[in-house]
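Below is one structure, written out as structure tokens; the observations come after it.
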Amino acid sequence: MGSIWKMLRINILVFAVLFSLACSSVRATVSYNNKAIIINGKRRILISGSIHYPRSTPEMWPDLIQKAKDGGLDVIQTYVFWNGHEPSPGKYNFEGRFDLVKFIKLVHQAGLYVHLRIGPYVCAEWNFGGFPVWLKYVPEVEFRTDNQPFKVAMRRFVEKIVNMMKSEKLFEPQGGPIIMSQIENEYGPVEWEIGAPGKAYSAWAAKMAVGLETGVPWIMCKQDTAPDPIIDTCNGFYCEGFHPNKPYKPKMWTEAWTGWYTQFGGPVPHRPAEDLAFAVARFVQNNGSFFNYYMYHGGTNFGRNAAGLFVATSYDYDAPIDEYGLLNEPKWGHLRDLHKAIKQSEPALISSYPTVTRLGKNQEIHVFRSKSGACAAFLSNYDPTYSAKLTFRNMQYNLPPWSISILPDCKTAVYNTARISSKSSQAKMVPVTTGLRWQSYSEETPSADDKDTLTMEGLWEQINVTRDSSDYLWYLTEVNIASNEGFLKSGGWPLLTVMSAGHALHVFINGHLSGTVSGSLNNPKLTYSGKVNLRAGVNKLSLLSVAVGLPNIGLHYERWNTGILGPVTLKGLNEGTRDLSRQKWSYKAGLKGESLSLDTVGGSSSVEWVEGSLLAQKQPLTWYKTTFSAPQGNDPLGLDMISMGKGEIWINGQSIGRHWPAYIAKGSCGDCNYAGTFTEKKCQRNCSQPSQRWYHVPRSWLKPSGNLLVVFEEWGGDPTKISLVKRIV
Ligand SMILES: *[C@@H]1O[C@H](CO)[C@@H](O)[C@H](O)[C@H]1NC(C)=O
Ligand SMILES: *[C@@H]1O[C@H](CO)[C@@H](O)[C@H](O)[C@H]1NC(C)=O
Ligand SMILES: *[C@@H]1O[C@H](CO)[C@@H](O)[C@H](O)[C@H]1NC(C)=O
């Protein structure tokens, strides 16, 4: 070849490269057809995983994203957490764990796409489903329906997020990573329930979202009425039978549940990797072209972000990356291998619908062929008990029960969903710091004439008073006992009954703990009923009502109540039963220790702590503090709280969440067979053990030395047995 030709060829090459660059910056678009999401003109099989940015720390993000990429993901999916971003109206927070832009840019740098689920209703086992508590007190507001004040607030937030993404050039047509968004969330069941106003609201939400012109498709999940051009998508343990509501939309699975969330009082859920891989392969062989693992990394419900009912601080979810950021094997590796097999099959998968051959009741073969000759086959055995031998193109293939083999070239079975080649990991919690020197401070029952109490007639709903600024609300009243009361002589104490809407309650008579009750998973409501030691004259009745997160789901959950709604009665007096519900009550929101900021260095020096032989042990309402040095190395850290009851933990002023190791898991934890239809109750673990014993301490929250660890204990515990542990595999 002459040099002129060479030059010319280089020029043509350069021109072609420049031309395609120019095109991609101008015409880069994301669209869809019935087969798949189309990015820059190319249909894609997209593999996605949920990582919620506030459930880890910015220091953890790069590693989590890299592990997702190494696991074969194309997309990271996240919700946007309104109550984290707008804690009070018009006051925004995009810092630290809520630095959404930074998170998206890190995903972009890693070369992955983003699916942004703006909601702003997110459910997510997140406090109040992501809605700020102030929204409940906007006059006339009704959540998630055709209600003007709600729609105004929702539009304002969605616009805020979309404009922020646009100004940072984060949508794909702008050169950014966001290829899709979501408006609302799992609205189908609500719309079905409420009818016409629900339909009107859906139509409004869809129009509002599409009108924001992001240049990328919107989806609505679990809502088969999603208006065009919005794609309706599936959430569940299995989605192979799902069909979008129009023949020109692709079949997408927004939440392939990798496990389930832990609740205080419940066992630890587990979903076998074989069954998860089987569900995904089955979805893909049935035309599915986008699937997202919910969760790929579940993380931690730091602070008070866990939702009622009783959602634990750990949001591990049995995800492929565990709460602490370590690989959960064999799940992570088994899915990575699945993704390789799917990617090898992609040219055939995106080009055709499968030809399906049924071989008996429980066996099928799906074959995809492209015009250019690519061929991929999925051989499946749905039988939960028996293996099967399948003959395909004169070759024999053995399939274990409940499994699918993938043949990316229609010849070689490179992968079977029930054959795991990755090693299992066994994570261990190894104590690194024990024998900490603790000091204690006892929280007293407040008095009705303290300056920050409110006095009103009757019983008030808890969140109405606290606005969720604290889990705690004191209900204080007085009980007058005449000196001629019969029980004073007979010794038969009167019976106090307190009815509460949730979630836990401590009863104090004249400053002494008289009893504690808490609600359960199936019923947050509780009743205290106990004989109380009253004396002649004025008795102080102090009830500490404790909320464990606001609801995140349910029809009009903004109307759900918490706290002592009554009646409160005293039985066994001369007059019979006295109803205390309508008398004068004083209210104090939060604990004294909270208002003094005992979790911080400055605040903790404002009270007198005791130690040594004076250290409070097994006493209710006790604050504990100690300091410690950061252990060497990079292993993730946690606190072993086995010796404690219930409360909250802070490190250097940051809340690592609620602890409740005294809540022992009830449920059935039998054998676990991967084969057969999975539900969240199958394969549970750790029955009769604390639902959550260990609490994640992010490394980045520690200094080399002098770290302040503060624990508030409601029930009574032994802090000397708390240890700092490292998690090793
Ligand atoms: C795939 O989609 C096509 C077109 O909608 C449909 O005819 C076919 O039955 C689907 N195949 C499977 C296995 O779901
Ligand atoms: C909530 O608080 C308001 C005053 O702020 C009061 O009028 C109302 O009765 C309270 N509602 C409940 C259910 O306690
Ligand atoms: C479940 O119990 C086992 C054995 O005690 C323990 O090793 C494991 O860490 C526990 N899992 C959780 C999530 O608490």
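As the structure lists them, so they are numbered: ligands from 1, and atoms in each ligand from 1. Just so it is clear, the values below take in all heavy atoms, side chains as well, and ignore hydrogens, waters and symmetry mates.
Proximity to N286 (heavy-atom distance under 4.0 Å) selects the following atoms of ligand 1: 13 (C), 14 (O). Near N464, the atoms of ligand 2 lying under 4.0 angstrom from a non-hydrogen atom of the residue are 1 (C), 2 (O), 3 (C), 8 (C), 10 (C), 11 (N), 12 (C), 14 (O).
Annotation: side chain of Y293 is not in contact with side chain of E255 (no heavy-atom distance under 4.5 Å). Taking the side chain as every heavy atom from C-beta outward, H503 and V546 never approach each other to under 4.5 Å. At a threshold of 4.5 Å between non-hydrogen side-chain atoms, the residues D228 and K249 count as touching.
Under the side-chain hydrogen bond (donor to acceptor under 3.5 Å, both in side chains) criterion, the residue pairs touching residues 678-687 are H270-R685, with sequence neighbours excluded.
When each of S422, S425, P320 is tested with P330 by the rule side-chain contact (heavy atoms from CB on, under 4.5 Å), just one qualifies, namely S422.
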* **Full working for side-chain contact (heavy atoms from CB on, under 4.5 Å) between Q583 and W585** => CA-CA 6 Å; Q583 65 182 44; W585 288 83; 4.0 Å; yes

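Residue W460 has no N or O atom closer than 3.5 Å to an N or O atom of ligand 2. Inclusion of H243 in the set of residues having an N or O under 3.5 Å from an N or O of ligand 1 is not warranted.
Protein residues with a heavy atom closer than 4.0 Å to ligand 3 are V268, N686, Q689, W694, listed by chain and number.
Because its NZ or CZ atom is not both nearer than 6.0 Å to the ring centre of Y261 and within 45° of the ring axis, R55 does not count as a cation-pi partner of that residue.
Close placement of the F143 and F128 rings is indicated, their centers lying within 6.0 Å of each other.
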